[in-house]
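Written out below as structure tokens is the structure these notes cover.
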Amino acid sequence: MDNIQMAETIKQLCKTKEITVKLLLGICDINRNFMYDLKNNKKPSVETLEKIADYFNVSVDYLLGREKPKTFITDCDDEADEREQHLLSNYKKLTEQAQHTLVDYSDFMISKPENLKDTADTDQMIS
């Protein structure tokens with residue numbers, strides 16, 4: 001993949017996440033001229049690509065055009081898949097203790113029948 005395609009991939013990821021490229025560069029602590037440098041054929045550092053890939057929860061190979069993004073759930077609609085990806089991305093950013101707390105909360109939510117899709121759907125049909 002050439003740098004122009006990589007820049008387009010990054011723009012598309014930003015659009016998907018509903019952020020600006022400028023915000024991405026600030027969040028990832030990347031030089032504000034990064035996109036300009038890419039378009040002028042300057043090769044980005046591995047560290048810079050890793051920061052961007054980590055932020056979007058994609059691989060560096062995806063940014064380089066070597067692979068498609070991996071999806072974790074294949075039987076869901078696009079909107080659900082994006083939410084799941086977002087949740088997983090947030091989870092990975094948490095401390096280990098916060099991850100345990102989130103898993104515990106998830107278990108608590110699952111323990112309530114009214115929170116389960118099948119149960120909630122059945123309850124609505126009965127009402």
Side-chain angles (χ1 to χ4, degrees):
M1 170 184 278
D2 65 20
N3 284 6
I4 301 292
Q5 289 174 314
M6 188 185 319
E8 288 304 314
T9 297
I10 292 168
K11 285 181 189 177
Q12 194 61 33
L13 287 167
C14 287
K15 184 177 179 180
T16 300
K17 196 137 177 144
E18 298 180 352
I19 65 167
T20 63
V21 172
K22 183 177 180 180
L23 181 59
L24 167 71
L25 299 178
I27 290 169
C28 294
D29 195 29
I30 297 170
N31 184 309
R32 69 174 201 254
N33 295 323
F34 172 75
M35 295 298 276
Y36 175 82
D37 291 343
L38 262 187
K39 291 177 182 178
N40 285 295
N41 225 16
K42 184 176 177 188
K43 299 295 180 197
S45 71
V46 172
E47 178 184 347
T48 297
L49 293 178
E50 287 175 339
K51 287 179 181 180
I52 295 169
D54 287 347
Y55 179 79
F56 288 115
N57 196 28
V58 298
S59 67
V60 170
D61 280 337
Y62 173 73
L63 295 178
L64 295 172
R66 296 179 184 164
E67 72 178 28
K68 294 183 178 184
K70 292 182 172 72
T71 56
F72 298 99
I73 309 283
T74 56
D75 61 346
C76 290
D77 61 33
D78 289 340
E79 184 180 332
D81 192 45
E82 279 185 37
R83 289 191 315 253
E84 289 159 353
Q85 293 283 349
H86 180 79
L87 183 61
L88 182 59
S89 177
N90 286 346
Y91 174 85
K92 289 180 177 182
K93 293 174 187 174
L94 297 173
T95 65
E96 187 173 342
Q97 180 60 41
Q99 288 175 348
H100 287 291
T101 301
L102 184 57
V103 169
D104 290 344
Y105 182 71
S106 173
D107 289 341
F108 167 75
M109 293 295 290
I110 294 295
S111 72
K112 303 281 188 188
E114 65 270 17
N115 292 331
L116 300 177
K117 284 183 179 181
D118 294 338
T119 305
D121 292 343
T122 304
D123 289 345
Q124 286 178 356
M125 288 190 308
I126 294 172
S127 300

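You'll find the side chain of Lys42 stays beyond 4.5 Å of the side chain of Asn40, heavy atoms only. Taking 4.5 Å as the limit, some side-chain heavy atom of Leu116 sits within range of a side-chain heavy atom of Ile110. Looking at heavy atoms from C-beta onward, Phe56 lies out of side-chain contact with Thr16 at the 4.5 angstrom threshold.
Among residues two or more places apart in sequence or in another chain, the side chain to side chain contact (heavy atoms under 4.5 Å, CB included) test is passed with Glu96 by His100. With sequence neighbours excluded, the residues forming a salt bridge (Lys or Arg N to Asp or Glu O under 4.0 Å) with Glu47 are Lys51, listed by chain and number. Among residues two or more places apart in sequence or in another chain, the salt bridge (Lys or Arg N to Asp or Glu O under 4.0 Å) test is passed with Asp54 by none. Val60 pairs by the side chain to side chain contact (heavy atoms under 4.5 Å, CB included) definition with Leu49, Glu50, Ala53, Leu64, not counting sequence neighbours. Every side chain to side chain contact (heavy atoms under 4.5 Å, CB included) that Ser111 has, sequence neighbours left out, goes to Phe108. Residues meeting the side-chain hydrogen bond (donor to acceptor under 3.5 Å, both in side chains) test with Asp37, sequence neighbours left out: none. Here Ile10 pairs with Met6, Cys14, Leu24, Phe34, Met35, Leu38, Ile52, Leu63 under the side chain to side chain contact (heavy atoms under 4.5 Å, CB included) rule; sequence neighbours left out. Every residue was checked against the salt bridge (Lys or Arg N to Asp or Glu O under 4.0 Å) condition with Lys93, not counting sequence neighbours, and none meets it.
Side-chain heavy atoms closer than 4.5 Å link hydrophobic residues (I, L, V, M, F, W, Y) into clusters, and following such links, even through other members, never connects Met109 to Val103. Following chains of ILVMFWY side-chain contacts shorter than 4.5 Å, one can reach Leu23 starting from Tyr55, so the two form part of one hydrophobic cluster.
Here the CD1-CG distance, from Ile19 to Leu13, works out to 9.0 Å after rounding to the nearest 0.5 Å. Taking CD1 from Ile27 and OG1 from Thr20, the interatomic distance works out to 8.0 Å, rounded to the nearest 0.5 Å.
Hydrophobic cluster of Val46: no remaining members, since no ILVMFWY side chain lies below 4.5 Å from it.
Applying the salt bridge (Lys or Arg N to Asp or Glu O under 4.0 Å) test to pairs two or more places apart or on separate chains, those with a residue in residues 10-36 are Glu8-Lys11.
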